[in-house]
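If you're wondering where the values come from, they're calculated on a predicted model, not measured in any experiment.
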Amino acid sequence: MNVETPQASPALTDQNAFGVLLSYLDVEQDEYASDDSKAFVARFSAFRAAIAEFLDAFPLASPVRAWGLGHSVYLEFEEGDEEAELIPWLKNCRARLTGAEFRSAAILSYGSRWVSSESEDAHLVVLEPGENPAVRWSVLPGPSECWRHALAADTAVREDEEAESGWGPGLYLDVDAVEALGKSPNNQPTILRVAGAGFFRAGS
């Protein structure tokens, strides 16, 4: 596969960042239960819209990058750019989703990421197609530990009736994120380990 790459590698900077992932847990069940494809499209679009409206009404950080992933929405921003108390923001956003009859999981992650230092658009690099016009690439300029941890936790919250596994709906906080916020749990929570990260449940 031939893919055109940038002529020169951008200058990259390592920085600490927070990730927020809000996951629509019943997306497959709602799809299978719907006889009308338009109704299902409206349903998952409403999930994203509810988060966007909440984010507009209650800013989380500036700047913040948002990715709609279909089954979830992921937000990422540099440590220190917060404009809200992150844990209350997550609780209130989940309450908004619950009010709209969405079962959800909210995940707060933390880690390093590599971003371009040459542009204000520091998070996203779009690569034009190479010889194969059907292949288009949109990629981050470098690894994002907080995104990787959030996606791993998103997999862990997914319920599997046959395997009787899955963390289920709730608010899940990365131990490192809580420490970075200068906070500590009120008690000694059970740490849920996944892909090199530790989370604990802070609300159902």
Quiz item: What residues form a side-chain contact (heavy atoms from CB on, under 4.5 Å) with Asp14, not counting sequence neighbours?
Solution: Ser112, Trp114
Exercise. Any side chain to side chain donor-acceptor pair (under 3.5 Å) involving residues 167-176? Give me the pairs, sequence neighbours left out, ordered by first then second residue.
Key: Tyr172-Arg201
Exercise. Using the side chain to side chain contact (heavy atoms under 4.5 Å, CB included) rule, take Leu171 and Ile87 through it: C-alpha gap first, then chi angles, then the decisive distance, then the call.
Key: CA-CA 9 Å; Leu171 170 60; Ile87 297 173; 4.3 Å; yes
Quiz item: Quick one: side chain to side chain donor-acceptor pair (under 3.5 Å) partners of Ser72, sequence neighbours excluded?
Solution: none
Exercise. Would you name the heavy atoms of Ile191 and Gly198 that are closest together and state the gap between them?
Key: CG2-CA, 3.9 Å
Exercise. Mind listing the closest non-hydrogen atom pair of Ala150 and Ile107 along with its distance?
Key: O-CD1, 3.9 Å
Practice problem: Determine whether more than 12 heavy atoms belonging to other residues, nucleotides or ligands lie under 6.0 Å from atom CG of Asn187. | Solution: yes
Self-check item: Pairs where residues 140-152 contributes a residue and the test salt bridge (Lys or Arg N to Asp or Glu O under 4.0 Å) is met, not counting sequence neighbours
Solution: none
Quiz item: By salt bridge (Lys or Arg N to Asp or Glu O under 4.0 Å), which residues pair with Arg158, not counting sequence neighbours?
Solution: Asp154
Quiz item: Can you list the steps and then say if Leu86 with Val20 is a side chain to side chain contact (heavy atoms under 4.5 Å, CB included)?
Solution: CA-CA 9 Å; Leu86 300 188; Val20 166; 5.8 Å; no
Self-check item: Where at least one partner belongs to residues 90-108, residue pairs that pass side chain to side chain donor-acceptor pair (under 3.5 Å), sequence neighbours excluded
Solution: Asp26-Arg103, Arg94-Ser104, Arg103-Glu159
Exercise. For Phe200 and Thr190, work out which heavy atoms get closest and say how close.
Key: CB-O, 3.6 Å
Quiz item: Does a sphere of radius 6.0 Å around CG in Asp56 hold more than 12 heavy atoms from other residues, nucleotides or ligands, not counting ones at 6.0 Å or beyond?
Solution: yes
Practice problem: Among residues two or more places apart or on two chains, list those pairs meeting ring pair (Phe, Tyr, Trp, His ring centres under 6.0 Å) that have a residue in residues 26-55. | Solution: Tyr24-Phe47, Phe40-Phe44, Phe47-Phe102, Phe54-Phe58, Phe54-Trp89
Quiz prompt | Pairs meeting criterion salt bridge (Lys or Arg N to Asp or Glu O under 4.0 Å) with involvement of residues 40-50, two or more places apart | solution = Asp30-Arg43
Quiz item: Can you tell if the side chain of Cys146 reaches within under 4.5 Å of the side chain of Tyr74, non-hydrogen atoms only?
Solution: yes
Quiz item: Hey, mind stepping through Asp81 and Val64 against side chain to side chain contact (heavy atoms under 4.5 Å, CB included) and telling me if it holds?
Solution: CA-CA 8 Å; Asp81 286 345; Val64 59; over 6 Å; no
Self-check item: Under the ring-ring contact (aromatic ring centres under 6.0 Å, His included) test, residues paired with Tyr110 that sit two or more places apart
Solution: Phe18
Self-check item: With sequence neighbours excluded, residues passing side-chain contact (heavy atoms from CB on, under 4.5 Å) with Leu151
Solution: Leu21, Leu69, Trp147
Exercise. Please identify each residue that fulfils salt bridge (Lys or Arg N to Asp or Glu O under 4.0 Å) with Glu53, with sequence neighbours left out.
Key: none
Quiz prompt | Intermediate values then yes/no, side chain to side chain contact (heavy atoms under 4.5 Å, CB included), Leu181 and Glu82 | solution = CA-CA 10 Å; Leu181 291 171; Glu82 309 92 274; 4.1 Å; yes
Exercise. Without swapping roles, check the side chain of Ser23 against the backbone of Leu25 for a donor-acceptor pair under 3.5 Å.
Key: no
Quiz item: Which heavy atom in Leu22 sits nearest to a heavy atom in Ala106, and how many Å separate them?
Solution: CD2-CB, 3.7 Å
Quiz item: If every non-hydrogen atom of Glu83 is compared with every non-hydrogen atom of Ser62, which pair is closest and at what distance?
Solution: OE2-CB, 3.1 Å
Quiz item: Within a radius of less than 6.0 Å around CD of Glu179, do more than 12 heavy atoms belonging to other residues, nucleotides or ligands occur?
Solution: no
Quiz item: Heavy atoms, side chains only, cut-off 4.5 Å: are Ile51 and Leu97 in contact?
Solution: yes
Quiz item: What closest approach, in Å, do Ala39 and Ser34 show between heavy atoms, and which atom pair accounts for it?
Solution: CB-OG, 4.1 Å
Exercise. State which residues pass salt bridge (Lys or Arg N to Asp or Glu O under 4.0 Å) with Lys183; sequence neighbours excluded, sorted by chain then number.
Key: Glu85
